[in-house]
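What follows is a single structure, written as structure tokens, with notes after it.
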Amino acid sequence: MKKAIPSGENIIGFSVSKIAKDVMRSMNPATMKEIEGEFHEATSGEIDVAMEKATKAFQTYRNTTGTIRAKFLRKIADNILSLGDPLIERAMAESGLPKGRLEGERGRTIGQLRMFADLVEEGSWVEASIDTAILDRQPFPKADIRKKLVPVGVVVVFTASNFPLAFSTAGGDTASALAAGNPVVVKAHESHLGTNSMVAAAIQNAAMVTNMPDGVFSSLNGTGLKLGQALVRHPLTKTVAFTGSYRAGKALFDTANQREIPIPVFSEMGSINPVILLPKALENRNEPLANQYVGSVNLGAGQFCTNPGLLIGMDNEHLDSFIKHLVNGFKKVTPSTMLNENVCKNYEAVKTNLLEQAGVKMEAVSTDEGNISTGRPTVASVSAGDFLKNKDMQEEVFGPFTLIVKCQSEKELMEVVLNMQGQLTATVMGEEEEFAKYYHVIDELKEKAGRISFNNVPTGVEVCHSMHHGGPFPATTDSRFTSVGTGAIKRFARPLCYQNWQSNVLPLELKDENLSKIWRLINGEWTKKSII
């Protein structure tokens, strides 16, 4: 396992390749200096080889058992852990994120891999369903019909800028796609080329020592638009997973739908994650709420897709007091290094554009001016009337920024919610006795978001069975699916119905005898029993 300077080759199955003379280099966002290491861009020929190997590998890998895949996933986790401090140090240099944050993210990455290993080893995720034949049914016999989820084919994973480990090379998309039985081709993020190289080598090694088919995993370097479009257009690509901006995610989605054979693109494209501040909550918990949201908005320099970018409340003395405490908090926040130069420039440009919109008032900005690599924490306010007139105010400001919307009445509050775009999350901060009074608002929020929190902050996404990290467009391209938690595996599987199959050719999960000991729906009843 390589632990020094990351290799600059493209990983293609069990091989490495560096045909192109064109190379890319990572930049330290804090110093704006290049980091040691050259990374060769993938050529069209290398893309073809990676996709062809993956397609061939699928013929074998799709038929592996959950136990075999679990061994592979656990080995990946072990290999990532064995990379030790050099991985964390490289990720720090490439992302500007602190050591503690990245150590936590590594733990999450390893935890996700092991979680999916447990899931597929147990096996019930395939949703096996059996309706046995009734040959003497009148007026027509009933056929024997069985169904389970099966893998879809080669999955292309786009790594995210804001999570160089957990939403990256071995992140949740890769883990869930491999768990479902699909080969993965990763497009390395330009900002994390060294981190990607180290993790990709760990996955390659795991595939080799656990006897996976050559091509089950590949990782390619290249610029976002050029390589990304080539991978989405490639005829052997079956599904795409993306986490990033609306512009990039929508472009990939449109490209996929323009193919001769369209394919699904699961794009998570960000959100402004509205927070409803109910009157009693502001009256009773004014300063604590403000302090809570100073922390949430500025967590990780505001570079979370769940950043609370919109705070909505009734325009009264309690909201005024809340704003005062929020302003005091924002002024004291030290600007943090942002992920890369483009993220920082985009933050300033989008923020400046919003602040120039009619009716928007800048309430506060950090008194520390920071430097060219940092984004200054900023809070602004606007009346609900002006907010409702201007849909540009719903554009995500990716960074340490939030906008306060002041409503004059419950009716106006409802209008704001009704006109809200799709979101990953929505939050209600209130006292227990308020929830019934404002239930019509809460009920409407259910149509706008994939996750609704009460008296909590939206930042921080628990990786578990019940988590749903997705939401109505434009938060994601398909609100039915999550990119976090065990449900993420369903993006990379499809139902297959087996009618009147002979027992000896049925998949293990659908045979009469329940050898896998999984939960199955047999004639409408969930059971672990065999069919007698």
Side-chain angles (χ1 to χ4, degrees), residues 62 66 69-70 73-74 76-77 108-129 147-153 155-158 160 163 166-168 170-182 184 238-243 249 253 263-271 273 304-306 422-426 446-453 456 458-473 475-496 509 516 518-521 526:
R62 67 188 177 192
R69 292 178 209 161
L73 293 169
R74 291 187 182 116
I76 296 172
R108 173 174 170 174
T109 305
I110 291 168
Q112 288 174 159
L113 287 159
R114 291 173 176 164
M115 177 187 72
F116 281 108
D118 292 343
L119 182 76
V120 297
E121 190 171 54
E122 189 280 329
S124 296
W125 78 273
V126 300
E127 299 180 359
S129 178
K147 182 180 70 171
K148 61 167 285 201
L149 295 176
V150 298
V152 296
V155 175
V156 168
V157 171
F158 286 77
F163 283 87
F167 270 90
S168 192
D173 292 339
T174 297
S176 53
L178 290 174
N182 306 284
V184 169
K238 299 301 182 184
T239 303
V240 173
F242 170 87
T243 298
F253 179 77
I263 57 172
V265 174
F266 297 105
S267 285
E268 187 227 292
M269 300 178 291
S271 177
N273 308 297
F304 284 82
C305 51
T306 53
Q423 309 290 333
L424 292 172
T425 79
K446 293 190 293 185
E447 301 301 313
K448 303 295 182 179
R451 171 165 62 102
I452 300 175
S453 299
N456 212 323
T459 41
V461 182
E462 186 69 31
V463 182
C464 63
H465 302 292
S466 301
M467 176 53 63
H468 185 82
H469 190 62
F473 186 87
T476 66
T477 49
D478 195 328
S479 63
R480 296 172 297 172
F481 297 93
T482 179
S483 59
V484 178
T486 53
I489 199 171
K490 293 184 181 180
R491 297 172 297 169
F492 310 121
R494 65 180 180 88
L496 180 61
E509 299 92 341
S516 302
I518 62 173
W519 286 101
R520 305 189 298 179
L521 186 65
W526 287 103

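Worth knowing before you read on, the calculation uses all heavy atoms, side chains too, and leaves out hydrogens, waters and symmetry mates.
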| message | Quick test of your reading of the model: are Asp173 and Arg491 salt-bridged, counting only N-O distances below 4.0 Å? | response | yes
Between the CZ atom in Arg451 and the CE atom in Met467, the distance rounded to the nearest 0.5 Å is 4.5 Å
Would the Phe163 and Phe304 ring centres measure less than 6.0 Å apart? yes
All heavy atoms of Pro151 vs all of Arg62, minimum pair found to be CG-CB, 3.7 Å
**Item:** Any donor-acceptor N or O pair under 3.5 Å, side chains Thr482, His468
**Value:** no
Tightest non-hydrogen contact, residues Ile76 and Ala170, listed as CG2-CB, 4.4 Å
*Stepwise, does the side chain to side chain contact (heavy atoms under 4.5 Å, CB included) test hold for Ile489 with Leu119?*
CA-CA 10 Å; Ile489 199 171; Leu119 182 76; 4.0 Å; yes
Side chains of Asn273 and Thr306: any donor to acceptor distance under 3.5 Å? no
One should read off an interatomic distance between Ile452 CD1 and Thr425 OG1, to the nearest 0.5 angstrom, of 9.5 Å
Output for pair (Lys148 NZ, Leu521 CG), nearest 0.5 Å, gives 15.5 Å
Given the options Arg520, Glu509, Lys490, Glu127 meets side-chain contact (heavy atoms from CB on, under 4.5 Å) only with Lys490
Exercise for the section: Look at the rings of Phe266 and Phe492 and say which category their plane angle falls in: under 30° parallel, 30 to 60° tilted, over 60° perpendicular. Expected result: perpendicular
The reported gap from CZ in Phe116 to OG in Ser176 (rounded to nearest 0.5 angstrom) is 4.5 Å
Report the C-alpha separation of Arg74 and Leu113 in whole Å, then their side-chain angles, then the decisive distance to 0.1 Å, and conclude whether the side chain to side chain contact (heavy atoms under 4.5 Å, CB included) test is met.
CA-CA 6 Å; Arg74 291 187 182 116; Leu113 287 159; over 6 Å; no
